[in-house]
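Scroll down for the structure; my scribbles are underneath it.
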Amino acid sequence: MRSLLFMLAFTFVTQVATAQEKEKIQELETQKELRQARQVNARLDSAVRFLDDGEYEQADARFRYVFANMKSIPSDLAYHFGKNSYHLGKYKQSVDWLTKYIQLKGTSGQFSKDAAAWLKKAEEALVVQRQSESAKVAQVLSRDYTIDCGPSAKVVCPVCNGSTVVVRKDYFGDKYSTCTYCNKLGYLSCDDYNKLLRGQLKPSTENK
């Protein structure tokens, strides 16, 4: 009888000790998460301050730390990161993140008006950047260089990525239009591809 009581008491004490140990571990994990959350929020606040002070590289490093350590990204971060990306000359990245903010907050967000203004600037800068890059490609190919397309003699259309549809983003969302270069095929002949690279391939008016 005494042995049974002893075993029951031992089991009870063991269970209590195990439960207490689990509570301690859980408490330590919670404290660790809280410390990390405070650290991430501090980095986010400092990133915004660096952005406001024109220290865009420092802001970018802190924003990326936040992305790597925050499970749920606040919508305001999309605005700040998009704005900072513009100042770094990363216009495509800027367009993507500012568009994301507008999609999340619409016209009622704290930064919606500013986001729309920065998005317009980023889109305009992106167009200029891409035109400049196209001009550089055209300059390189101006000596009648020809790209070898391989045995198939065709290339996936780089304008629509083979989908035959071109997607353009604006403030109101995505706009879809038929690709005017590949004639609904999704690919270009090697000759047309080289013309496109040189800026000599004209879009078809039938598919506009």
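The model shown is predicted, which means the values in this text are computed figures rather than measured ones. We use all heavy atoms of the structure for the numbers below, so side chains are in, but hydrogens, waters and symmetry mates are not.
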- Message: Centroid separation under 6.0 Å, is that true for the rings of W97 and F111?
- Response: no
- Query: For Q129 and G89, which heavy atoms make the closest approach, and how far apart are they?
  - Reply: NE2-O, 3.5 Å
- Look up atom CG in D76 and atom CG in L44, then write down how far apart they are to the nearest 0.5 Å. 9.0 Å
- Query: Just checking, K121 and W118: is the charged tip under 6.0 Å from the six-membered ring centre and within 45° of the axis?
  - Reply: yes
- Audit row: D96, K92, salt bridge (Lys or Arg N to Asp or Glu O under 4.0 Å) steps and yes/no: CA-CA 6 Å; D96 289 343; K92 178 63 169 63; 3.0 Å; yes
- Decide yes or no for K195 and D192: does some side-chain heavy atom of the first lie under 4.5 Å from some side-chain heavy atom of the second? yes
- Message: Side-chain heavy atoms nearer than 4.5 Å, only ILVMFWY residues, links allowed to pass through others: does that put F63 and F50 together?
- Response: no
- Does V159 reach the side chain of C182, with side-chain heavy atoms less than 4.5 Å apart? no
- Quick one: pull up CG in D114 and CG in L119 and give me the separation to the nearest 0.5 Å. 12.0 Å
- Item | Nearest-0.5 Å distance that lies between atom CD in Q93 and atom OG in S85 | 3.5 Å
- Note on the structure: Between the OG atom in S163 and the NZ atom in K184, the distance rounded to the nearest 0.5 Å is 13.5 Å
- Measure from the ring center of Y187 to the ring center of Y193 and say whether it is less than 6.0 Å. no
- Message: Checking Y91 against Y86 for the ring-ring contact (aromatic ring centres under 6.0 Å, His included) test, could you report, in this order, the C-alpha distance in whole Å, the side-chain angles of both residues, the deciding distance, and whether it holds?
- Response: CA-CA 5 Å; Y91 302 123; Y86 172 84; 5.5 Å; yes
- Item | Nearest atoms (heavy-atom pairs only) where L98 meets K83 | CD2-N, 4.0 Å
- Query: Would you call S189 and K154 a side-chain contact if the rule is heavy atoms closer than 4.5 Å?
  - Reply: no
- Item | Separation between NZ of K100 and OG of S75, rounded to the nearest 0.5 Å | 11.5 Å
- Query: Within a strict 4.5 Å, meaning less than it, do heavy atoms of the V66 and L77 side chains meet?
  - Reply: yes
- Is a side-chain N or O of S94 found less than 3.5 angstrom from the main chain of G82, in a donor-acceptor match? yes
- Message: If I take atom CG from residue L51 and atom CZ from residue F81, how far apart are they, to the nearest 0.5 angstrom?
- Response: 11.0 Å
- Close side-chain approach of D60 and K90, heavy atoms under 4.5 Å: yes
- Item | Flag side-chain contact, heavy atom, 4.5 Å: C179 against V165 | no
- Message: Donor-acceptor pair, distance only, cut-off 3.5 Å: does the side chain of T99 make one with the backbone of V95?
- Response: yes
- Query: Are L188 and V166 connected in a single hydrophobic cluster, I mean Ile/Leu/Val/Met/Phe/Trp/Tyr linked by side-chain heavy atoms less than 4.5 Å apart?
  - Reply: yes
- Item | Y101: partners by ring pair (Phe, Tyr, Trp, His ring centres under 6.0 Å), with sequence neighbours left out | Y79
